[in-house]
Structure formats: C-alpha cells, structure tokens
Amino acid sequence: MAQQLWKGRFTKPVDSRVNDFNSSIRFDARLYREDIAGSMAHAAMLGAQGILSYADTDAILEGLEGILADLDSGALAIDPAAEDIHTFVEQTLTARIGEAGKRLHTGRSRNDQVATDLRLHLRRGMAGLLKQIEELAGVLCGLARQHAGTVMPGYTHLQRAQPVTLGHHLMAYVQMLLRDLGRFDDAIARMNAACPLGSAALAGTTYPIDRAAAARTLGFAGAGENSLDGVSDRDFCIELAAAASICMMHLSRLCEELVLWSSWEFRFIELDDAFTTGSSIMPQKKNPDLPELVRGKTGRVFGDLMALLTVMKGLPLAYNKDMQEDKEAIFDALDTLSLCLTALTPLLASTKVRPEAMRAAAAGGFINATDCADYLAKKGVPFRDAYRITGELVALCIRRGETLETLPLADYRQASGAFAEDVYEAIRLDRCVEGRACAGGPSAESVRRQLRAAEALLAARAKARGEG
C-alpha cells in the first residue's frame with residue numbers, strides 16, 4: 001500500500017473511504033510522462049544550483065528515465081492505490097534508488113508540480129487536436145472546391161432566402177474552424193507563457209533555485225511572476241474548455257445541417273452507409289446517428305466548461321482541493337472534441353452531394369426575388385417600390401403555381417413598365433450567384449478566393465509543424 005507523503009503530521013491512519021475519495025490516480029495517471037519530465041527538469045536545476053550533489057542528481061535522472069521507459073513499455077504498472085501520479089513516481093523512484101529519491105522534492109510542492117504537469121500534458125495533446133481541426137477544414141475546402149458553382153438556396157429563419165453555392169456555404173464553416181484554431185493558439189500561448197514550477201506550495205522556497213532554467217528546459221516562455229497565482233491559476237483549463245465549447249458549437253451547427261440535408265424532405269446529400277445506422281423496427285430507415293451524437297456531445301463539453309467555472313468561482317488564494325476537479329473536466333472536454341472530429345471528418349469526406357436536388361430547391365423558392373427588385377432599382381424604380389412590386393409578383397406566382405422564371409413578360413409589364421425581356425437573364429439563378437462577386441460573396445470566383453486564403457493558412461500551419 002502506497003504511503004501518503006504528508007503522513008508525518010497525523011497520529012492515526014486515514015479512513016479508507018477518505019483515501020478513495022481523495023485519490024486522483026484514476027484520472028491523473030495520464031500525466032506520468034509530464035510528471036517525469038517536470039521532475040527531471042527540477043532535478044537537473046537542483047544539481048546545477050548545487051542544491052543536490054552530482055551523484056544524487058545523476059541517480060535521480062537515471063532512475064526517472066528508467067521509470068518512464070518501464071511505464072511506456074508496460075513493464076511497470078501504475079499502482080491504483082497510490083494517492084496520485086506524483087506520489088507514485090516519487091515512491092517508485094525512492095524504492096529503486098534509495099535515499100536520493102527522497103531529495104527530489106526539495107524546493108517544490110505538489111501544488112506547483114501538478115500545475116506544471118497539467119500545462120505540459122495539455123500542450124502536448126493540443127498538437128494532435130489542432131491537426132484534427134485542420135484536417136476537417138481541409139476536407140471542407142476540398143468539397144467547396146468541387147462545388148464552387150453548385151447552386152443551392154441560402155436560408156434565413158430556415159426559409160429559402162437567396163441563391164448561394166454549396167462551396168460558399170461550406171466555406172462559412174471553414175471560417176469558423178479557422179477562428180477555432182486561432183482561439184486555441186491564443187490559449188496555448190498564454191498557457192505556455194509562465195511556468196509554475198518553483199512556486200512551491202504558494203510562497204516559493206528559500207532554496208536558491210533557478211526557475212528560469214527549469215522553465216526553459218520544459219519549453220515555457222518564462223517563469224511565473226507570482227507564486228500565489230502560479231499554483232492557483234486554472235485559467236488555461238477554462239480557456240481551452242471555452243475554445244473547445246465554441247468549436248463543438250460549430251460542429252453541432254454543421255451536423256444539424258447534415259441531419260436536415262440528408263432527410264427525405266431535403267435530399268441535398270446522402271450519407272455513406274458506413275457512417276449511418278438503421279432502425280430495429282423500420283427497415284427503410286437510414287439514420288444520421290453520427291451527426292446527431294456530435295450535437296448531443298456538444299452539451300457535454302459545455303457542461304465541462306461550466307464545471308470548471310463553477311469550481312473556480314469561489315476559491316480564495318491559493319491552492320484548494322476543489323481544484324483537483326479540473327483534470328476530469330478538461331480531459332473530457334478535449335477528448336470529446338477529438339472523438340467528434342475523428343468521426344466527422346471521414347463522414348464528410350464520404351458524403352455524396354446531390355446538386356440536382358439543391359438546384360430544384362433553389363428554383364422553387366423565389367430566392368431570386370431580391371434580384372428582381374434590384375433589377376427594377378437599377379432601372380430607376382425606388383427600391384421600396386421595387387420591393388413592393390416584386391412581392392406582388394411573387395404572390396401572383398403562388399396563386400398561379402408559377403415561378404418568377406416562368407411568369408409571362410406581359411404580367412411583368414402590367415406590374416411595371418420598367419420590366420423588359422432582359423428580366424429573365426437578371427433573375428436566372430446562375431446569374432444571381434455569379435453577380436455577387438464581391439469579396440466574401442457566393443460567386444464561384446469569390447469562393448475560389450476564399451479557398452486560396454484558407455488553404456494557404458492551413459499549409460502554413462502544416463509547414464510550421466514540419467510537414468510542409
């Protein structure tokens with residue numbers, strides 16, 4: 001049975017139920033690599049400062065390397081009875097190298113230790129998560145390039161509004177994902193700005209440690225300016241959870257559209273059989289379970305953010321045991337986002353688009369009415385009058401079962417003498433889309449400009465990782 005590091009103050013054993021309640025090993029075991037890395041940086045700094053002897057420093061570093069290798073290979077299992085991963089590593093080290101292992105904790109506390117470990121772990125994990133977001137953005141860019149000219153209805157209030165292209169629609173989600181990447185970048189930069197190691201329990205230490213050296217070794221921009229803040233700050237968890245929540249919200253909106261578009265009412269897309277399920281009683285069903293689950297899991301990530309905010313909102317300085325609740329929430333938030341990206345990216349890559357259904361929906365919804373009003377305005381009719389006249393024409397079409405494209409010119413002329421034969425060209429769907437060539441608009445060339453900018457940014461990120 002592992003011993004508590006704080007055992008000396010107490011005269012009777014802790015109730016086993018308290019041990020179980022207090023233990024964090026079941027979820028902080030995943031920090032073992034970062035805990036060992038932090039311990040090695042701390043030990044090397046203590047040796048360089050003459051606080052530890054060279055012999056003890058070498059023994060500690062060699063022992064920690066051995067523990068890491070054995071944990072990675074599976075030769076050593078983490079003791080589930082240990083209070084936390086920090087206790088397990090230190091006690092394993094002491095069991096292997098003797099008294100020198102007991103000197104590792106000189107000049108530090110588990111408070112600054114866990115604050116450092118958690119930053120290191122999240123930093124390492126974020127690299128893969130950011131790449132997943134980039135991959136999803138890349139798939140969306142690929143689909144947008146294929147369908148830069150595929151006309152579809154754009155919606156407001158879930159009512160057909162104006163003609164756009166599928167490429168334009170998908171690039172809106174690319175923009176969301178690019179903002180997500182920026183938010184994560186900002187949060188990571190702040191998380192990496194200040195290393196807590198050396199803050200000790202809350203008030204630093206009387207040993208002549210070199211905090212800047214340890215920070216450099218661990219890849220931080222510098223050491224934290226205030227020891228109280230160093231051990232009690234969990235802003236980085238909250239920021240990452242907030243960024244994850246916003247990203248999940250974006251994925252949920254996309255998934256809502258996939259659910260709608262794959263329904264018989266829309267039939268804009270068909271999801272691949274490999275990413276759908278059937279019904280236990282209705283043999284005709286093809287259910288979009290995956291996008292529905294992403295929508296559902298979005299609430300879970302929101303809950304993780306609220307849990308972190310609630311834990312921190314009433315805590316006085318410095319460390320409080322409440323803060324042990326930070327890890328499960330932030331781990332779950334980021335794990336859930338990663339899981340959703342893992343599933344959603346191949347689903348989108350395999351989705352079949354039905355351009356003819358999109359075109360038919362665009363043709364049947366009077367979504368070129370604004371262009372009809374603009375036509376009159378360009379002929380000198382005040383826009384408000386043009387708006388009214390076009391509305392009356394739409395009402396006429398509805399009564400007769402016509403569209404603006406099929407309505408006879410005589411009816412146009414009766415509504416306004418400004419109409420001429422060229423009205424049909426002005427309200428042609430492709431013309432309506434291509435006429436909106438302004439920056440950010442739905443024309444094919446505008447979509448291609450958006451694509452070039454987005455793909456250049458994604459390529460730059462890949463190059464920065466050494467993949468370009």
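When a residue number appears, it is its place in the shown sequence, counting from 1.
Applying the 6.0 Å contact sphere to CD of E256 captures more than 12 heavy atoms from other residues, nucleotides or ligands. For Y387, the OH atom counts as loosely surrounded, since its 6.0 Å shell holds 12 or fewer non-hydrogen atoms of other residues, nucleotides or ligands.
The cationic group of R388 does not satisfy the cation-pi geometry with F383, failing either the under 6.0 Å distance to the six-membered ring centre or the 45° limit from the ring axis. Judged by the 6.0 Å distance and 45° axis criteria, R160 is not positioned over the aromatic ring of F366.
Judged purely by distance below 3.5 Å, without hydrogens or angles, the side chains of N368 and E405 pair a donor atom with an acceptor atom. For the 3.5 Å distance criterion, the side chains of T277 and D289 qualify, holding a donor opposite an acceptor. Q132 and T342 form a side-chain donor-acceptor contact under 3.5 Å, judged by distance and modelled atom types alone. Under 3.5 Å, the side chains of R119 and N192 contain no donor-acceptor pair of N or O atoms. When only modelled atom types and interatomic distance are considered, H86 and D117 share a side-chain donor-acceptor pair under 3.5 Å. Side-chain contact check for D72 and Y32: at least one donor-acceptor pair (N or O, by modelled atom type) lies under 3.5 Å. Side-chain atoms of Y173 and E257 include a donor-acceptor pair closer than 3.5 Å. Side-chain contact annotation: R448 with S443, donor-acceptor N/O pair under 3.5 Å absent.
When every heavy atom of G440 is checked against every heavy atom of S446, the shortest pair comes out as N-OG, 3.5 Å. Nearest heavy-atom pair across P346 and L341 is CD-O, 4.4 Å. Here the closest heavy-atom approach between residue A243 and residue F184 is recorded as CB-CE2, 3.5 Å. Of all heavy-atom pairs spanning A415 and L393, the tightest one is CB-CD2, 3.8 Å. Here the shortest heavy-atom pairing between G224 and A194 reads CA-CB, 3.6 Å. Between L290 and F275 the shortest heavy-atom distance is CD1-CD2, 3.9 Å.
For the pair P288 and W261, the minimum side-chain heavy-atom distance is 4.5 Å or more. Taking 4.5 Å as the limit, every side-chain heavy atom of K131 sits out of range of all side-chain heavy atoms of R461.
Remark: R110 engages D84 in a salt bridge, criterion side-chain N to carboxylate O under 4.0 Å. The residues D273 and K286 are annotated as salt-bridged, a charged nitrogen and a carboxylate oxygen being separated by less than 4.0 angstrom. By the 4.0 Å N-to-carboxylate-O rule, E239 lies close enough to R190 to be salt-bridged with it. A salt bridge links R183 and D180; the closest N-O separation between the charged side-chain nitrogens and carboxylate oxygens is under 4.0 Å. Salt bridge annotation for R300-D332: present, with a cationic side-chain nitrogen under 4.0 angstrom from a carboxylate oxygen.
Going from atom CG of D35 over to atom CG of L68 covers 10.5 Å, rounded to the nearest 0.5 Å.
Ring-plane geometry between Y155 and F268 is classed as tilted, the angle between the planes lying from 30 to 60 degrees on a 0 to 90 degree scale.
Separation of the Y424 and Y412 ring centroids falls under the 6.0 Å cut-off.
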Inset, instruction - Verify side chain to side chain contact (heavy atoms under 4.5 Å, CB included) between M358 and V353, making sure each step is shown before the conclusion. - result: CA-CA 9 Å; M358 293 184 173; V353 175; 4.1 Å; yes
Legend entry - Pair R267-S262, side-chain hydrogen bond (donor to acceptor under 3.5 Å, both in side chains): steps then yes or no: CA-CA 5 Å; R267 299 200 71 199; S262 63; over 6 Å; no
